[in-house]
**Q** 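Shown below is the structure under consideration.
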Protein chains: 4
Amino acid sequence: MDRRLTRRGRARRDQLVDFAARRFAENGYHSTSVTDIVNGLGVGKGVFYWYFASKDELFCEILADAQRSLRRRQQQAIADEDDPVRRLEQGMRASITWLGAHPHLFALVQLATSEERFAGMVRAGEDVAVADTARHVKEGMATGRIPGGDPFAVAHAVLGVTNHLTRALVVERGEKPDDVADAAVAFCLHGILARPTTP
Amino acid sequence: MDRRLTRRGRARRDQLVDFAARRFAENGYHSTSVTDIVNGLGVGKGVFYWYFASKDELFCEILADAQRSLRRRQQQAIADEDDPVRRLEQGMRASITWLGAHPHLFALVQLATSEERFAGMVRAGEDVAVADTARHVKEGMATGRIPGGDPFAVAHAVLGVTNHLTRALVVERGEKPDDVADAAVAFCLHGILARPTTP
Amino acid sequence: MDRRLTRRGRARRDQLVDFAARRFAENGYHSTSVTDIVNGLGVGKGVFYWYFASKDELFCEILADAQRSLRRRQQQAIADEDDPVRRLEQGMRASITWLGAHPHLFALVQLATSEERFAGMVRAGEDVAVADTARHVKEGMATGRIPGGDPFAVAHAVLGVTNHLTRALVVERGEKPDDVADAAVAFCLHGILARPTTP
Amino acid sequence: MDRRLTRRGRARRDQLVDFAARRFAENGYHSTSVTDIVNGLGVGKGVFYWYFASKDELFCEILADAQRSLRRRQQQAIADEDDPVRRLEQGMRASITWLGAHPHLFALVQLATSEERFAGMVRAGEDVAVADTARHVKEGMATGRIPGGDPFAVAHAVLGVTNHLTRALVVERGEKPDDVADAAVAFCLHGILARPTTP
DNA sequence: AATGAATGAGCGTTCATTCAT
DNA sequence: GATGAATGAACGCTCATTCAT
């Protein structure tokens, strides 16, 4: 569905994308009908299909946009950083901040995970995130900062902490992203246990 | 929908629960119709509504069963353990093992998370799990084994690691639960960084 | 869509087939909606899809039934006949009578011809009719009653005359099938021209 | 929808007519959307409705053009012919040649036959063709070349043979129009049976 | 306890047509 | 003359639920 759009057309399309993204995040994919979307915007049903080939396609586009946008933010955050552990940390902070700022897109990804149709996209996006993270872990291992082990397992663990804390504390309990990021980073770097005090 | 059931009735009911749980996990809630379920078992539609008031109710029951079952397993695993850090560890191991052994129930929980109707139940179950975990963390803090901080944040982080590693490594990549549990425990206890070697 | 049907179910199904066949014949395939059909019978929409997998499938079934029924009639009509020319004639008479008695099924075939989806079925049915007819022609040629030539072309010509006269004279102008059959047979056997009178 | 058209306008209009005629013939009336037509030509939707009041109107125009064109061809073919039987023959040959040369317009007529909206036009055109043919038959009867009978029935039979053989042999099996015309003429003039040889 | 049959609101999608620019 | 945008009724089809037997 590639169409030469006028300015007005582009505006309408963006309107649809934004509105639909919010509805999907709030009500889920199935419970958000195309009728809901167009009624919500006060336009005819044909408008939807003028801009999108299907409800599926729209959802995929929103999802892909969100994934792209988050990754771009992460990469900006670590661009000037040499130290792999600092890159890991900055990546986590960037993720938590972005996800906290776009809770509905975060919700969308959760949603997509459990919808066979979209699970592939999510998995692919996650693979990219894991690869990004694992790269830093490997570098840290190379310099001895991080002890040996499976860098992918570690990367997954970091992702698990980041996502879970963001959802539970930032999105659901409204805590401040920076504080949550501090906790997440501390947990990932040192774990639970007290460091044995060097005498 | 509480019915005095004959032995045969109970068997039928269990059959429905098991079959539906698998279908839900494989195809999702919406893509599994009541028709699918009864056809899959070769029975008439009336059977379904004889035992369950609605599709919703059945799903809730499956979900509640799964949550109960997992929690029971966790509590068995830590029953004989005094040390809070060991209890934390044993709880994680029990979870990973159980989730790895019942991947379809794990999938069901993911599913429920993103379905407004069931999200409440999932959240409630998660709250219980967090409280369970946080109790050990608090004890660890009391004894000084774990440095101060927000025990709930720590508990959420532990949950995030446990769930994410189980899904990514055990369910999706078929790694052995015990190995994954080792990695998860190590990550949670010590984090990423090498311990400064005491001279 | 094969279902174990009760007596009531079979009755309902037949009702749908009959009603739909008439509607299709009168209004065409596209102009007859599933809604029209179920409303016409005063039943809910689900009833239609309980008995048929799709509108397409129903149409195909009606078409196939009609083709089968006509052919059966033709074969009964020639069963006791040895002379190939008489078989040709009886076949034509049987067709004209049957088509005149079931004008709506005749219309359905015309309809299907120009609907890409069904054209294949019609063509296949026609091929059978041509083969049936050509067999008699070939026998007639073997015995010298019919001069040499392409038996298939002749068979097609016979079909063309039969169908066209039935539609134009019997269906559209209400002439008696027997009279039309006489004219059709005469035309096919002797053509237009007067036989040169043997002195 | 009568518009004073510039030269460019006339060209555009013809382009639409030609393109639409082919699409209709290939895909059918319903399966050819106005959108298909304008997209196929790379123009906007407005263009269509600038030249035609509706999709219906365009189809009717194409149909009328085809009917006119075929009839003109037939009349040219018999203009110089006095003998009614020869006129009959030449008319058939002209029809078969023209229909073979414009198979898509032939298809269009078949199409229109089974679409209530257009059936009237087709019937009217057929009535003209029958009248044309019947006139020759009547003259043949007057001169005794053709034995008495219903000239309309004969005319319909001739039409049936012509159309059916053209479709089955020329259009569908690619045989040469001249050969098919020979077969059609022979069949119509002499029928199937061998002439009794005059001793 | 269980069946086959029925309901009907709702879904995603299409498309002839109109309109503002 | 021509465009892209918009309309909205209608379509084929699904499905949770109910009902008569």
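Every chain is numbered from 1, with letters handed out A, B, ... down the list of sequences. Treat the numbers as computed from the prediction; the structure is a model and nothing was measured.
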**Q** Nearest whole Å is fine: how far is E:dT14 C1' from D:Asn39 CG?
**A**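 D:Asn39 atom CG is separated from E:dT14 atom C1' by 14 Å.
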**Q** Please convert DNA chain F into dot-bracket. A pair counts if it is Watson-Crick or G-U wobble with both distances under 3.5 Å; crossing pairs go in [ ] and bases paired with another strand get |.
**A** .||||||||||||||||||||
**Q** I'd like to know if B:Asp36 pairs up with B:Arg23 as an ion pair, taking the criterion as any Lys NZ or Arg NE/NH1/NH2 lying under 4.0 Å from an Asp or Glu carboxylate oxygen.
**A**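 Between B:Arg23 and B:Asp36 there is no salt bridge, as every charged N stays at least 4.0 Å from the carboxylate O atoms.
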**Q** For A:Arg3, does the CZ atom sit with more than 12 other heavy atoms under 6.0 Å from it, leaving out its own atoms?
**A**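 Counting other residues, nucleotides and ligands, CZ of A:Arg3 exceeds 12 neighbours.
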**Q** For the residue pair A:Tyr29 / A:Asp56, report whether a side-chain donor-acceptor contact shorter than 3.5 Å exists.
**A**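 Judged by distance alone, the side chains do pair up.
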**Q** Who passes side chain to side chain donor-acceptor pair (under 3.5 Å) against A:Gln67, sequence neighbours left out?
**A**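 Counting only residues at least two positions away or on another chain, A:Gln67 forms no side chain to side chain donor-acceptor pair (under 3.5 Å).
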**Q** Would B:His30 and A:Glu115 count as a side-chain hydrogen bond (donor to acceptor under 3.5 Å, both in side chains) if you check the C-alpha gap in whole Å, the side-chain angles of each, and the deciding distance to 0.1 Å?
**A** CA-CA 9 Å; B:His30 293 281; A:Glu115 195 60 43; over 6 Å; no
**Q** Find the distance A:Phe59:CZ to E:dT13:C1' and express it as a whole number of Å.
**A**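 Atom-to-atom, A:Phe59 to E:dT13, this comes out as 19 Å.
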**Q** Nearest whole angstrom, please: distance from the C1' of F:dG1 to the CD of D:Gln15.
**A**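 After rounding, the reported distance stands at 14 Å.
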**Q** At under 4.0 Å between heavy atoms, how does the protein contact nucleotides 7-14 of chain F? Give one character per nucleotide, 5' to 3', with B, S or -.
**A** BB-BSBBB
**Q** Between D:Arg68 and D:Asp65, what is the shortest heavy-atom contact and its length?
**A**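 D:Arg68 and D:Asp65 have their closest heavy atoms at NH2-OD1, 2.6 Å.
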**Q** Cation-pi check for C:Phe24 against C:Lys55: NZ or CZ below 6.0 Å from the six-membered ring centre and within 45 degrees of the axis, yes or no?
**A**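 No cation-pi geometry.
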**Q** For A:Phe52, which contact category applies under a 4.0 Å heavy-atom criterion: base, sugar-phosphate, or nothing?
**A**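 Nothing: the residue A:Phe52, judged by heavy atoms under 4.0 Å, touches no strand.
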**Q** What is the distance, to the nearest angstrom, from the CG atom on D:Leu41 to the P atom on F:dT3?
**A**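 Atom-to-atom, D:Leu41 to F:dT3, this comes out as 11 Å.
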**Q** Locate the shortest heavy-atom distance separating A:Leu108 from A:Leu63; write the atom from each residue and the value.
**A**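 Heavy atoms only, the tightest pair is O-CD1, 4.4 Å.
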**Q** Distance check, rounded to the nearest 0.5 Å: C:Glu57 atom CD versus C:Tyr51 atom OH?
**A**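 So the gap between those two atoms works out to 14.0 Å.
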**Q** Using whole Å, what does the distance between atom P of nucleotide E:dT3 and atom CG of C:Leu5 come to?
**A**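 For the pair C:Leu5 CG and E:dT3 P, the rounded distance is 16 Å.
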**Q** Could you check how far CZ of B:Arg7 sits from C1' of E:dA1, rounded to whole Å?
**A**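 Going from CZ in B:Arg7 over to C1' in E:dA1 covers 17 Å.
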**Q** Given the P atoms of F:dT21 and E:dA1, what is the spacing between them in whole Å?
**A**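 Here F:dT21 and E:dA1 have their P atoms 22 Å from each other.
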**Q** Kindly say if D:Arg13 contacts the phosphate of F:dA2, meaning a side-chain N or O under 4.0 Å from OP1 or OP2.
**A**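 Checking D:Arg13 against F:dA2: no side-chain N or O falls below 4.0 Å of OP1 or OP2.
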**Q** D:Gly9 near the nucleic acid: base, sugar-phosphate alone, or nothing, with a heavy-atom cut-off under 4.0 Å?
**A**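 If one applies the 4.0 Å heavy-atom cut-off, D:Gly9 turns out to touch the sugar-phosphate alone, with no base involved.
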**Q** Does OP1 or OP2 of E:dA1 have a side-chain N or O of B:Thr6 closer than 4.0 Å?
**A**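 Yes.
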